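Data first, discussion second: the structure below is written as structure tokens.
Every value quoted in this text rests on a predicted model; they were computed, and no experiment measured them. Only this structure's heavy atoms are used, side chains among them; waters, hydrogens and symmetry mates stay out. Chain letters run A, B, ... following the sequence lines, proteins first and then strands; every chain starts at 1.
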Amino acid sequence: MIYTNLPALVLATPLLLACLCFAFARRRRVVQWVSLLGGVGWLAMAANLAMQVHAQGTMVTEVGGWDRHYGISFVADPLGAMMVVLAAFIQLAVGLAAHARLDRKAEAFWYHGLTYCLAFGVTGAFLTADLFNLFVWFEVLLIGSFVLMVHGGSDQQLAGGMKYVTLNLISSVMFLAGCGLTYAHTGTLSFVQLAQVGIPDGPAALLVLAFMLKASVVPLAFWMPASYPAAPTYTIALFSALLTKVGCLALLRTLGLLQNEIWFTVLGIGGVLSILVGSFGLIGQANLRRMLAFSSVSQVGYIAIAIALQQPAVVALLIVNHALAKGGLFLVAGEMERLTGQTNYRDMRGLAERSPALTWAFAVLAASLAGLPPTLGFFAKWDWLSTMADRPFLVILGLVGSAATLYGMVDVYLRAFATPGEAQEASSELSRRRQWLMNVGLGSLVVAVVALSSSPVVNDPVREAGAAFKGPLVSTATEEVKP
Amino acid sequence: MDALYAVVVGFLFAIGVYLILQRPLVKLLLGIAVLGNAANLMIFVSSGARRLPPPLIPDGEKVVTTPIADPIAQALILTAIVIGFGVLAFAVVLVHRVHQTSQIDGFDELTEGVGTE
């Protein structure tokens, strides 16, 4: 336990960047440089935080010097710090791709600043140390995501955004009511103190439902395939990589605080249903975006089961793999749509000849998503399966889910990439500079997947960060020495 | 008194859910607003809705010894009200835009469309 301002500084950076982007909104080049250089700086700060947490242990910021059980505080435990690094990396990589695709008008309407607002909320949710602040950070990231969801304002986006906003507002009310009842029953909202008393069943039910909705666990997942595909691919890449993960991490943090262990079973059943619905849902989709959204449902199912069985190391691997692979695949989907002018992947032809680099990116990311060796996804699934070894039903389910994902991905490859055909007309051409930005953004996600693929064998930062997670953020107060 | 508040909160939640289940988008908005208020009122009641002095430490003492009103619940409600207000304002504009662009007023009429860039 170290008391330092570092977590708060890492948290404040995206807010500062958002303000800068808003302040210079009229000057496009300035905003671009602020968001890119700032993104690099933020990633460096987050990495620094994660390394220091790794070396010295959990770091705590107490705002205004108030004891963290009463005041607002930020706690960077190994898992939280790692998630912030992941968020910063995704933000930068997807941000580069967004730079490549955004037109002048969209950029003038504060796109980059809004993504940093979203990142601010996501970081806060990863670092917060009490239940009510978690609610506040959820709202911060939600309002950012609401605006990004309808950014551009096409009919589809408004319709998708309406569903997204409604469902999230309802889950926010459940979360708020759960917070209130928790406070009424226990007299505290700090994670550490709640771990000692336990959250009773009434508020627990509200909280679990709210988080299951945010993480999109079946039966509360159907808003995602209905709303995400309406937004531009660079926005969905950001959402699917980060937002459901915030829900997953909230579930991981709170499930251990509940008095009744039935909620682990509830989440586990939700996970099983998610894998089934996601897997069979994705097979039927002709639209690439919908297919990827259903695949997210199935991947969240794996994460939910790992949370229900209290395997934080597996959760960490699955989250990192899904965030990188799915974020990348949505960018690939955007490029496929742009190059062919089609939205249905069964109508796409000959992409392998036209863009070998895109083909490789798709192959690597899809393999990692499905869990083929030797990718990061394989190690995540392998860990998942080996912790389920004494539950044959879950092993079979996991293999079926992976097989369905693989089937979908191979189908996309065979039809869109491998089938030769006359060159289809691209819906828009990117300038050389924009193409370069897109390549760097997408390439960095692919490189990250490849680089992390070797790490489970050599040394393993992700699994270690997950394994260091010990339920409530920081154990008892006895070992703490305040300066 | 608490029992009365409990009934009121339950009634508000019921109204909110009923309104959300109605077809028009405007009723959906009203339902969300009522639900938010129900949750806020619930937090307020759960901290004990009694007339108590504000949580101030008297001069020359280190701690309060007399019963005081719970400041945390009030801080929670204030925060939740502000957030709820902002989010609701956004939702109102969104419903207005949906109505403007596609002339629909029912949730089921929203298209299942997939966007293009």
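- Smallest separation of non-hydrogen atoms from B/Ser46 and A/Ala184: CB-CB, 3.2 Å.
- Atom CG of B/Leu88 sits about 7.5 Å away from atom CG of A/Leu169, to the nearest 0.5 Å.
- Using a 4.5 Å cut-off between non-hydrogen atoms, the part of residues 23-38 of chain B that approaches chain A consists of B/Leu25, B/Leu28, B/Ile32, B/Leu35, B/Gly36.
- Contact of B/Phe44 with chain A is not made at all, since no heavy-atom distance falls under 4.5 Å.
- Distance check, rounded to the nearest 0.5 Å: CZ of A/Phe132 to CD1 of B/Ile72 gives 11.0 Å.
- Around the CH2 atom of A/Trp110, the shell of radius 6.0 Å holds no more than 12 heavy atoms that belong to other residues, nucleotides or ligands.
- Counting heavy-atom pairs closer than 4.5 Å to chain A, the top residue among B/Val95, B/Val98, B/Leu94 is B/Leu94.
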Notebook entry, point to check: Going through the distances and angles, do A/Asn168 and B/Val87 end up as a side-chain contact (heavy atoms from CB on, under 4.5 Å)?
Noted result: CA-CA 11 Å; A/Asn168 274 295; B/Val87 172; over 6 Å; no
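- Between chain B and the residues A/Glu139, A/Arg338, A/Met162, the largest count of heavy-atom pairs under 4.5 Å involves A/Met162.
- Residue contact with chain B, scored on non-hydrogen atoms closer than 4.5 Å, involves the backbone and the side chain of A/Val136 alike.
- Here B/Gln100 contributes atom CD and A/Leu158 contributes atom CG; the two are 10.0 Å apart, rounded to the nearest 0.5 Å.
- Heavy atoms of A/Val140 lying under 4.5 Å from chain B are absent altogether.
- Of the two parts of B/Leu76, the backbone and the side chain both hold a non-hydrogen atom closer than 4.5 Å to a non-hydrogen atom of chain A.
- For chain B, the nearby parts of A/Val173 are the backbone and the side chain; heavy atoms of each come within less than 4.5 Å.
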Margin query: Between A/Phe135 and B/Thr79, is the side-chain contact (heavy atoms from CB on, under 4.5 Å) condition met? List the steps.
Written below: CA-CA 10 Å; A/Phe135 166 75; B/Thr79 316; over 6 Å; no
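- Counting heavy atoms from C-beta outward, A/Leu142 and B/Phe90 have side chains that stay 4.5 Å or more apart.
- Contacts between A/Ile236 and chain B at a heavy-atom distance below 4.5 Å are absent for every atom of the residue.
- The CZ atom of B/Arg97 sits 9.0 Å away from the CG atom of A/Asp155 when rounded to the nearest 0.5 Å.
- Heavy atoms of B/Ile20 lying under 4.5 Å from chain A belong exclusively to its side chain.
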